[in-house]
Student: 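Here it is, the structure in full.
The structure presented is a predicted model; accordingly, all values stated were derived computationally and were not measured. The chains referred to below are lettered A, B, ... by the order of the sequence lines, with proteins before strands, and numbering in each begins at 1.
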2 protein chains.
Amino acid sequence: MAKTTLKSLAAALNMSVSTVSKALNDSYEISESTKQRVKEFANKLDYQPNVLAQSLKTGKTQTIGVILPKMTSPFESQILEGIQLTASALQYKVVIMSSMENEELERIALQSMVNKPIDGLLFCPIHERSNVDLAKQILNRTPMLIFDRTDYPLETHKVGVLNAEGTFGACKHLFEIRRKKVAIFCGSNQGITAKRLAGYRQAHQAFHVPLQQDYVVFCAINSVEELHLQMENHIVRLLALPDPPEAIIGSSDTITTHLLGVLAKLEIKVPERIAVVGFANTDLALSLNPSLTTIRQPAKDIGAISVRKLVETIHKSDRSQIEWEEINLPTSIQLRRSTIG
Amino acid sequence: MAKTTLKSLAAALNMSVSTVSKALNDSYEISESTKQRVKEFANKLDYQPNVLAQSLKTGKTQTIGVILPKMTSPFESQILEGIQLTASALQYKVVIMSSMENEELERIALQSMVNKPIDGLLFCPIHERSNVDLAKQILNRTPMLIFDRTDYPLETHKVGVLNAEGTFGACKHLFEIRRKKVAIFCGSNQGITAKRLAGYRQAHQAFHVPLQQDYVVFCAINSVEELHLQMENHIVRLLALPDPPEAIIGSSDTITTHLLGVLAKLEIKVPERIAVVGFANTDLALSLNPSLTTIRQPAKDIGAISVRKLVETIHKSDRSQIEWEEINLPTSIQLRRSTIG
DNA sequence: TTGTACGCGTTATCAA
DNA sequence: TTGATAACGCGTACAA
């Protein structure tokens, strides 16, 4: 059977195409009676408008693109879910692309989004200098919003979290339970890490706790094995210090969870010898042994708000007049046994 | 500035639209010299064909839809990543919708996919009877493939895992390390659970280990709190049996991880008192304390193969002649300290 | 080798 | 209140 189109409907109803179109779109120019007749008939034939043709005509696709570094970590996938649910609610489809933390793949993803039928783009860059020129070009053609890694030189809306505040809170908590010697394990050297580190420093200043440079540790996350090895070396080194730390903050999901694994392997008692608190967005934190004190990021909200802001921008006719906002959401801290025994 | 289109190019080059179109598409009818000229000019003006118009014309959108129950679990998000990467490699875009394990949302997602510009659909139903009629309708219009939850009455390609084999292997391992009394904790009562349970039974038969009905436990996963409570009760009950189990198999990601949490809370030594092995697709298994013996599903492969099979189907002109395959991938088992100390 | 003309399925303008 | 017609941007059979 041939597909029912406006044309076939019109033919069958002995009306013109435009009449049918208007009737289905509830135009004020059409009489109630014909509207009724057309709609019923269309329904019976299960008429589905061709979205492609509609978009071609109207210039709107009701689709937003999403580019993010990966989607297998809890944090990222929660963001994605937030994006998806909110977009659905607003009648938008979501096209995703993953850059896999790879600059070249990110370039391809961006390129492929340019000439794709999307009304707007949500972009989480892999770092603050990756593909900036290309992104700027795209911004000229399409509304765009930066999320999570907001340290990106693009004049547009941005949605992320209060990173410094997160580590500040973690330090505060540790200081309060009398753990003044706090190390911090950082991952790849991004803007986010810098901010979390800043929070760590601010807390030390605010609570008059001396800062020890030795306690700030960077690990490269190339492979799980290498990460474990690096961490192991660092921990051994730290514990051999004359003044070993009594607590460690993990500055990212990945760092934190692997940190616990390494500590377990070295049979270092948590929290007796070392308390641990870290950024982590997984329910699994509760099931860890010991259960993990976490700094949780409002991932779903990041996704939801990003979509809303983007759609808002899409609907604004005159984009040159928009005042770009940077929205930073608060983190929250869950106290569990890895710090409070 | 106006967008460059075929028309604007043609005007600027003093050629007809069709010539330009053919030149850009490397038609044999066009001379090398003009091709060159056109392409260079198009490049200079950064011409991007309007995908919408192309699709409208050709009937192909280079887009596949994906509907899955949720995307925040490691297993699902790994599948999604596999889908996305393979689709990208094959020049397909990916539109996602999440049904959130909710039949009504699934219906909406399916509905919205019908009249959307997609060339094919990857579908993971929430259970074996949800929205079957609607799915059948869609299958009539669009190539479709069922993944993961393949127990779904639709005649089409299906891609999943050898579920029975997974639990069979787990039992075998436990039996080999002399743990003959093995309980199994199951989640919601789906086809997959049934198969995993079947593998459990088969293993008992194959290795002549008597089956104890008491050892088969079902938990409802409504909320984390409730799940924990249920599990706690079951574990207490099991340990009070005259013949308490020496090992527990977790039949899903969620079940397994929470199981460990509850055991930790009850201060039951793993693996000394109870060995634990479970389905789990997270690297975190390594960081758990004790590190967790897991049955791992090839999530990325499921995604990749699903896409390939679907695209294959899309390219076949005569879909009535296709022999539908059910592809079931093997699981693998990672031995760690939760069983082997 | 190039150009003309039409159609894909809509919406929108304007005339009837 | 309805209908003819043009356009959106592209591909393609056919004519030149």
Student: Is the distance from OP1 or OP2 of C:dG3 to the nearest side-chain N or O of B:T19 less than 4.0 Å?
Tutor: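 Yes, such a contact exists.
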Student: Taking the inter-plane angle between the rings of B:H315 and B:Y92 on a 0 to 90° scale, is it parallel (under 30°), tilted (30 to 60°) or perpendicular (over 60°)?
Tutor: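 Tilted: the ring planes of B:H315 and B:Y92 meet at 30° to 60°.
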Student: Start at the 5' end of DNA chain D and walk down; is the nucleotide closest to A:V17 or to A:E32 reached first?
Tutor: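 Nearest-nucleotide comparison on DNA chain D picks A:E32.
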Student: Ring centres of B:F123 and B:Y152 under 6.0 Å apart?
Tutor: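 Close enough - the centres of the two rings lie under 6.0 Å apart.
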Student: Find the distance A:N14:CG to D:dT2:P and express it as a whole number of Å.
Tutor: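 Checked: the CG to P distance equals 14 Å.
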Student: Out of curiosity, B:M100 CE to B:N102 CG, how far, rounded to the nearest 0.5 Å?
Tutor: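 If I round to the nearest 0.5 Å, the distance is 8.5 Å.
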Student: To the nearest 10 degrees, what angle separates the axes at the start and end of the helix from C:dT1-D:dA16 to C:dA16-D:dT1, five pairs each?
Tutor: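 Comparing the first five pairs with the last five, the axes sit 50° apart.
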Student: B:Y28 has an atom OH; how far is it from atom P of D:dG11, in whole Å?
Tutor: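 Whole-Å distance recorded here is 16 Å.
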Student: Respond yes when some side-chain nitrogen or oxygen of A:S31 is under 4.0 Å from OP1 or OP2 of D:dT2, and no when none is.
Tutor: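 Checking D:dT2 against A:S31, a side-chain N or O does come within under 4.0 Å of OP1 or OP2.
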Student: So what does B:S21 touch, heavy atoms closer than 4.0 Å: a base, only the sugar-phosphate, or nothing?
Tutor: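 Result for B:S21 = base.
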Student: Ignoring backbone atoms, establish whether A:T34 has a side-chain N or O less than 4.0 Å from OP1 or OP2 of D:dT1.
Tutor: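 Checking D:dT1 against A:T34, no side-chain N or O comes under 4.0 Å of OP1 or OP2.
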Student: So does A:H157 get a backbone contact from the side chain of A:W324, meaning a donor-acceptor N/O pair under 3.5 Å?
Tutor: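 Not at all, since once roles are kept as given, no pair shorter than 3.5 Å links the two residues.
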Student: In whole Å, I'd like the distance from the CG atom of B:L6 to the P atom of D:dA7.
Tutor: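 Whole-Å distance recorded here is 17 Å.
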Student: Can you list, in residue-number order, the parts of residues 49-61 of chain B that come under 4.0 Å of DNA chain C, counting heavy atoms only?
Tutor: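 Hits under 4.0 Å, by residue number: B:L56, B:K57.
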Student: Taking only side-chain nitrogens and oxygens of A:K7, does any of them come within less than 4.0 Å of OP1 or OP2 of C:dC8?
Tutor: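 Answer yes for this pair, as a side-chain N or O of A:K7 is under 4.0 Å from OP1 or OP2.
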Student: Give a yes or no on whether a donor-acceptor pair under 3.5 Å exists between the nucleobase atoms of D:dG3, that is its base, and the side chain of A:K22.
Tutor: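 Side chain to base: pair present.
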Student: Is any side-chain nitrogen or oxygen of B:Y47 closer than 4.0 Å to OP1 or OP2 of D:dC10?
Tutor: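 Yes.
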Student: Picking from D:dG3, D:dT2, C:dT2, which would you name as closest to the side chain of A:S18?
Tutor: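 Of the options given, the side chain of A:S18 lies nearest D:dG3.
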Student: Which residue in the set B:Q297, B:Q78, B:E76 passes side-chain hydrogen bond (donor to acceptor under 3.5 Å, both in side chains) when paired with B:N281?
Tutor: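 It is B:Q78, the one option of B:Q297, B:Q78, B:E76 that forms the side-chain hydrogen bond (donor to acceptor under 3.5 Å, both in side chains) with B:N281.
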Student: When the nearest nucleotide of DNA chain D is assigned to B:E29 and to B:Q48 on a heavy-atom basis, which residue is associated with the more 5' position?
Tutor: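 With B:E29 and B:Q48 compared, the 5'-side residue is B:Q48.
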Student: At what distance, to the nearest 0.5 angstrom, does CD of B:E128 lie from CD1 of B:I192?
Tutor: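 The CD1 atom of B:I192 is 9.5 Å from CD of B:E128, to the nearest 0.5 Å.
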Student: Please check this pair: side chain of B:S21 against backbone of B:V17, looking for a donor-acceptor N/O pair closer than 3.5 Å.
Tutor: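 No; judged by distance alone, with no hydrogens or angles, the pair does not exist.
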Student: Answer yes or no: does atom CD of A:E326 have more than 12 heavy-atom neighbours from other residues, nucleotides or ligands under 6.0 Å?
Tutor: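 Enclosed.
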Student: May I ask you to check whether A:D119 and A:T61 show a side-chain donor-acceptor distance below 3.5 Å?
Tutor: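 A donor-acceptor contact under 3.5 Å links the two side chains.
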